[in-house]
There are 2 protein chains.
Amino acid sequence: MSAEMLKGHLDAVLLATIGDDALHGYAIIEAIRARSGGHFDLPEGTIYPALHRLELAGLLASRWVQPDGGRKRRVYSLTDSGRRSLVERRAGWQSFASGIDLVLGART
Amino acid sequence: MSAEMLKGHLDAVLLATIGDDALHGYAIIEAIRARSGGHFDLPEGTIYPALHRLELAGLLASRWVQPDGGRKRRVYSLTDSGRRSLVERRAGWQSFASGIDLVLGART
DNA sequence: CGATTTAGCTTTGCAACGCTAGGTATGCAA
DNA sequence: TTGCATACCTAGCGTTGCAAAGCTAAATCG
């Protein structure tokens, strides 16, 4: 599932997944898979450009980390602006979802 | 609201709005506005191309109707394939929405 | 009657975005 | 040494919602 449905909601997913942690791209992919109950299994070509986009927009900050044994990772965390945006997007999602629910007559 | 969120869900909205009725484009726009509780106020440039797309895909059928007084309207109704697709899309939406809910930690 | 508003349909072209597909590089186990 | 998992990056494609513009016909109002 999840063909093109994600459009416009990926940013919220990323921001929420990172939350108060500091995660690198690969870990984010796994976290999304886990936390969505297997609903979302997003490819790298989706995640990495999106992270760059969010960093450019000032919602994420990144730094390179060299763990003991293992290769360098780029680790992302929310900026203040990102935290604010997450709150907005959560509300936006709920408003949107209730609108769709009404029209589809689902979850009434 | 609803900047680009609708991407990938418009077809379901249209199919569900038409349902067992036979509606023309303008009426569909108003019906969506009404049934969504004002959440969605979609412009014509969104609706009409989408209707054509769905007709081309065989999910909708259209015919021209000349009402007593008033100008000609193009009236759409679901085909069998469209009805089947609606069922799938409803399920798809619920699956998708519950995935997002899980990740966002909303509506838990 | 003329002017404006509302209903009703169409089309062109843009911008955004998720994804496919390809590539690079590192560490570890068989 | 082969292979796999980890980890990152990017060019380019296809879809899609939307803004903008235009057209026609009915209704409303001065």
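The structure presented is a predicted model; accordingly, all values stated were derived computationally and were not measured. Below, chain A is the first sequence line, B the second, and so on; all start at residue 1.
Exactly one residue among B:Glu55, B:His52, B:His24 makes a side chain to side chain donor-acceptor pair (under 3.5 Å) with B:Ser62. That residue is B:Glu55. Looking at A:Arg90, A:Gln94, A:Arg89 one by one, the single match for side chain to side chain contact (heavy atoms under 4.5 Å, CB included) with B:Leu104 turns out to be A:Arg90.
DNA chain D lies under 4.0 Å from no heavy atom of any residue of residues 19-37 of chain B.
Between the side chain of B:Ser36 and the backbone N or O of B:Ile32 there is at least one donor-acceptor pair closer than 3.5 Å. Between the side chain of A:Thr17 and the main chain of A:Val13, a donor-acceptor pair closer than 3.5 Å is present.
Minimum heavy-atom separation, B:Gly58 to B:Thr79: O-OG1, 2.6 Å.
Residue B:Glu44 has its side chain nearest to C:dT10 when only D:dC8, C:dT10, C:dC19 are considered. Distances from the side chain of B:Trp64 to the nucleotides D:dG17, D:dC9, C:dC9 place C:dC9 closest.
For D:dC18, one of the phosphate oxygens OP1 or OP2 lies less than 4.0 angstrom from a side-chain nitrogen or oxygen of B:Thr46. Within the structure, every side-chain polar atom (N or O) of A:Tyr48 is placed at least 4.0 Å from both OP1 and OP2 of D:dC9.
One atom, CG of A:Leu42, and another, P of C:dT20, lie 10 Å apart when rounded to the nearest Å. One interatomic measurement links the two molecules: CD1 of A:Ile47 to C1' of C:dT20, which rounds to 15 Å at whole-angstrom precision. Atoms CG (B:Leu54) and C1' (D:dT15) sit 13 Å apart, rounded to a whole Å. Here D:dG17 presents its C1' atom at 14 Å from CE of B:Met5, a figure rounded to the nearest Å. The NE2 atom of B:His52 sits 16 Å away from the P atom of D:dT16 (whole-angstrom rounding).
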Report all interatomic pairs (protein N or O, nucleotide N or O of nucleotides 24-29 of chain D) with separations under 3.5 Å.
{"residue": "D:dT24", "atom": "O2", "partner": "B:Arg71", "partner atom": "NH1", "Å": "2.3"}

Atom pairs under 3.5 Å, N or O on each side, protein against nucleotides 13-17 of chain C: can you list them with distances?
{"residue": "C:dC17", "atom": "O2", "partner": "A:Lys7", "partner atom": "NZ", "Å": "3.4"}

Pair B:Ile47, B:Tyr26 - check side-chain contact (heavy atoms from CB on, under 4.5 Å), show working.
CA-CA 9 Å; B:Ile47 297 302; B:Tyr26 213 80; over 6 Å; no
Give the C-alpha distance, both sets of side-chain angles, the deciding distance and a yes or no for side-chain contact (heavy atoms from CB on, under 4.5 Å) between B:Phe96 and B:His9.
CA-CA 11 Å; B:Phe96 170 77; B:His9 306 281; 3.7 Å; yes
Does the side-chain contact (heavy atoms from CB on, under 4.5 Å) test come out yes or no for B:Val75 and B:Trp64, once each step is laid out?
CA-CA 6 Å; B:Val75 161; B:Trp64 284 96; over 6 Å; no
Is there a side-chain contact (heavy atoms from CB on, under 4.5 Å) between A:Leu14 and A:Leu51? Walk through the geometry before answering.
CA-CA 8 Å; A:Leu14 289 174; A:Leu51 290 173; 4.3 Å; yes
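Between A:Glu88 and A:Arg83, none of the side-chain N atoms (NZ, or NE/NH1/NH2) sits under 4.0 Å from a carboxylate O, so this pair counts as no salt bridge. B:Arg35 and B:Glu30 are not joined by a salt bridge, as no carboxylate oxygen comes within less than 4.0 angstrom of a charged side-chain nitrogen.
Residue order along DNA chain C, read from the 5' end via each residue's closest nucleotide, puts B:Val75 first among B:Val75 and A:Pro49.
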